[in-house]
Novice: 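Dropping the structure in here first, questions after.
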Amino acid sequence: MNAGFSTLDYVIFVLYAIVILFLGLWVSREKEGKEKNTQEYFLADKSLTWWAVGASLIAANISAEHFIGTSGSGFAIGLAISAYEWIAAVALIIVAKYFLPVFIHRNIYTMPQFLNGRFNRGVSTAFAVFWLLVYVFVNLTSVSYLGALAMEQIMGIPLVYGIIGVLLFSGIYSIYGGLEAVAWTDVVQVVVLIGGGLLTTFLALDAVGAGEGVFAGLGNLYESAREHFTLVVPEGHIMVPDGDGGVRDAFKDLPGVAVIVGAMWATNLGYWGFNQYIIQKGLAAKSINEAKRGLLFAGYLKILMPFIVVIPGIAAYVLINEFTPEQLAAALGKPVEAVGSISKSDEAYPWLLKNFIPSGVRGLAFAALAAAIVSSLASMVNSTSTIFTMDIYRHYFKPEATDRQLVKAGRVVAIIALLIAMVVAPQLSSLDQVFQYIQEYTGYIYPGVLVVFAMGLFWTQITPNAALWTAIATIPAGIAFKLISPDMPFLMRMGYVFIILCVIASVISFMEKGHKIHRKLPEPGRQRKLLAYSYLFLALGVITLVATVVLSGEYNYMGVESAYFLAVLFIMLGIILYTNAKMKLVDKKAIVSDPVLFNTGTPFNIGAAGIILIVGLLYYFFWY
């Protein structure tokens with residue numbers, strides 16, 4: 001059955017597919033008589049420019065969970081879901097300035113490889129297994145499911161066949177070509193997904209404006225769905241479908257100020273700083289400066305994303321609620337049954353594409369959606385194979401493996417991951433907002449990821465045992481909070497888990513002396529600077545803690561208790577800086593990075609200030 005595609009749409013979409021497939025295979029072709037080595041296959045031979053890094057980061061990040069899932073959350077909740085995009089833009093500045101330079105300087109391939117160098121094989125393997133489970137059972141499955149859902153709604157392709165199709169297509173060139181194929185096709189994909197996505201937004205706003213233009217559509221959108229233009233959601237403000245025919249409070253997904261002062265930072269710093277299929281693009285940059293500029297470029301693209309993936313969801317909400325089916329049918333020149341309805345939030349974007357995007361343009365718009373799906377799946381497949389090959393296969397199965405054998409193993413495990421995802425993905429069909437499913441279940445590991453990696457990067461005291469027990473405690477702590485307080489918003493649970501893990505890591509690190517050695521203290525000027533910053537962060541932590549205690553009762557409906565996360569984060573930063581400055585006994589694998597690595601020039605600083613200013617203004621104007 002054709003559920004909305006004309007012949008022209010099919011031609012445009014097939015042309016896109018051919019171009020991407022050809023480009024992926026061509027840029028990654030093996031030179032005559034020379035097979036790919038591991039650096040070429042897993043790190044694109046460290047050849048990516050800043051614009052390729054930024055484009056590939058966004059193409060890997062923006063996927064079906066954004067076009068379908070975030071639009072679905074925009075339909076249900078509204079602009080507040082943009083917090084994941086706009087806070088991420090600020091988080092990218094931190095990652096670019098402080099995290100990525102250390103990784104590149106240490107010449108690593110994978111995040112578990114960093115943990116092995118900083119701690120030991122046990123910590124490395126624990127996180128390798130974490131990431132593999134998340135990539136295969138959460139990321140690959142959810143992205144392929146949402147992509148197939150769109151194909152079912154728009155093209156009439158049965159869900160199971162759609163899942164198989166998107167997984168196979170993304171696997172063809174990523175398995176053959178490795179990261180080189182993924183990254184350079186991403187440059188084209190990001191142009192298609194942004195161009196096609198913006199076009200869909202303009203046409204959706206024009207439909208809301210009843211033919212009077214985009215600006216009239218924006219005005220109507222704001223007037224008709226005022227409650228959807230709230231960036232900070234109080235308790236009881238918005239009720240959304242629960243996927244079982246009832247409703248639940250949107251506060252559970254986005255608990256008030258938690259998006260600014262709570263564990264949203266754990267999600268974003270963990271995702272952008274330590275997530276293999278994201279950070280791998282930065283690791284493949286030509287230089288540290290190219291990587292920094294690439295992440296800053298990605299930050300500006302993240303600011304743009306809600307206009308592509310959230311506004312269409314709100315537009316669909318207005319169209320479906322402000323007009324009767326008969327009015328929509330008359331305006332579209334279709335029978336009422338052909339217009340259809342939205343039975344679950346994640347159907348909003350496909351419904352919009354099917355009904356309000358004209359023939360020909362619909363093919364381009366769907367190509368944008370397909371670009372997002374395929375680029376993310378390709379990145380996830382490549383990173384799954386990278387982690388398994390470099391951190392598990394090479395160390396536990398074949399330590400003496402050649403480059404050829406490692407590349408072959410990577411290709412085999414990629415195929416296995418695709419097959420597992422094909423089996424699991426159809427099981428997600430009972431969910432209403434798959435984007436929230438992704439955030440909640442990846443949220444079980446991000447507190448531990450942030451604690452272990454950030455302390456490993458910057459704290460000279462943390463020991464391998466502390467890191468290992470923190471990793472082991474991460475998921476059980478999250479499950480325990482879920483069982484003890486099932487009604488607590490998952491972002492708040494993440495905050496409390498983060499606090500517990502900081503205590504575990506700190507106590508074990510301070511108690512354990514056998515793994516430590518003596519070292520020289522920093523030179524006096526550096527020491528004074530570290531101490532000054534430590535006192536500042538400790539003061540901020542105490543002030544935030546006291547303010548949270550005082551305000552949490554009266555303003556509990558705004559999720560103020562989530563600021564306990566921020567208070568502990570500040571205090572922990574103070575402790576880290578103070579002990580780095582004053583304690584001679586340090587972990588024997590502690591990293592003492594050259595401060596020059598963190599230097600950024602005036603263009604970077606101006607660009608970073610621009611991101612912070614824009615995000616601040618957005619929250620000022622759409623706070624409540």
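FYI, the numbering just counts along the sequence from 1. Just so it is clear, the values below take in all heavy atoms, side chains as well, and ignore hydrogens, waters and symmetry mates. Quantities reported herein were computed from a predicted structural model and do not represent experimental measurements.
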Novice: Between Phe453 and Phe127, is the ring centre distance below 6.0 Å?
Specialist: yes

Novice: To the nearest 0.5 Å, what is the distance between CD1 on Ile445 and CG on Leu133?
Specialist: 9.0 Å

Novice: Ignoring hydrogens and angles, tell me if any N or O in the side chain of Ser562 forms a donor-acceptor pair with the backbone of Gly559 under 3.5 Å.
Specialist: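 Confirmed, Ser562 side chain pairs with Gly559 backbone.
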
Novice: For Ser82 and Leu79, indicate whether the former's side chain and the latter's backbone hold a donor-acceptor pair under 3.5 Å.
Specialist: yes

Novice: Do we see a donor-acceptor contact under 3.5 Å between the side chains of Asp391 and Tyr396?
Specialist: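 Result is no, nothing qualifies.
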
Novice: Would you say the side-chain atoms of Ser56 pair up with the backbone N or O of Val53, donor to acceptor, closer than 3.5 Å?
Specialist: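 Between the backbone of Val53 and the side chain of Ser56 there is no qualifying donor-acceptor contact (under 3.5 Å).
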
Novice: Tell me if a side-chain donor or acceptor on Arg118 pairs with a main-chain N or O of Gly456 at a distance below 3.5 Å.
Specialist: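 Yes.
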
Novice: Closer than 3.5 angstrom, by distance alone: can the side chain of Asn116 be matched with the main-chain N or O of Arg121 as a donor-acceptor pair?
Specialist: yes

Novice: Hey, is the main chain of Leu468 close enough, under 3.5 Å, to the side chain of Asn465 for a donor-acceptor pair?
Specialist: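 No, Asn465 side chain to Leu468 backbone: no donor-acceptor pair under 3.5 Å.
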
Novice: Could you pull out all residues at least two apart from Thr463 that satisfy side-chain hydrogen bond (donor to acceptor under 3.5 Å, both in side chains)?
Specialist: Glu512

Novice: Are a donor atom and an acceptor atom from the side chains of Thr70 and Tyr349 found within less than 3.5 Å of each other?
Specialist: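 Not at all, the side chains of Thr70 and Tyr349 share no donor-acceptor pair under 3.5 Å.
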
Novice: What I want to check is whether the side chains of Asn268 and Tyr84 have a donor and an acceptor closer together than 3.5 Å.
Specialist: no

Novice: Could you tell me whether a side-chain N or O of Thr141 sits under 3.5 Å from a main-chain N or O of Val424, the two making a donor and an acceptor?
Specialist: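 Not at all, since once roles are kept as given, no pair shorter than 3.5 Å links the two residues.
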
Novice: To the closest 0.5 Å, what do you measure between OH (Tyr98) and CD1 (Ile93)?
Specialist: 11.0 Å

Novice: Test your reading of the model: is there a side-chain donor-acceptor pair from Trp86 to the backbone of Ile303, 3.5 Å cut-off?
Specialist: yes

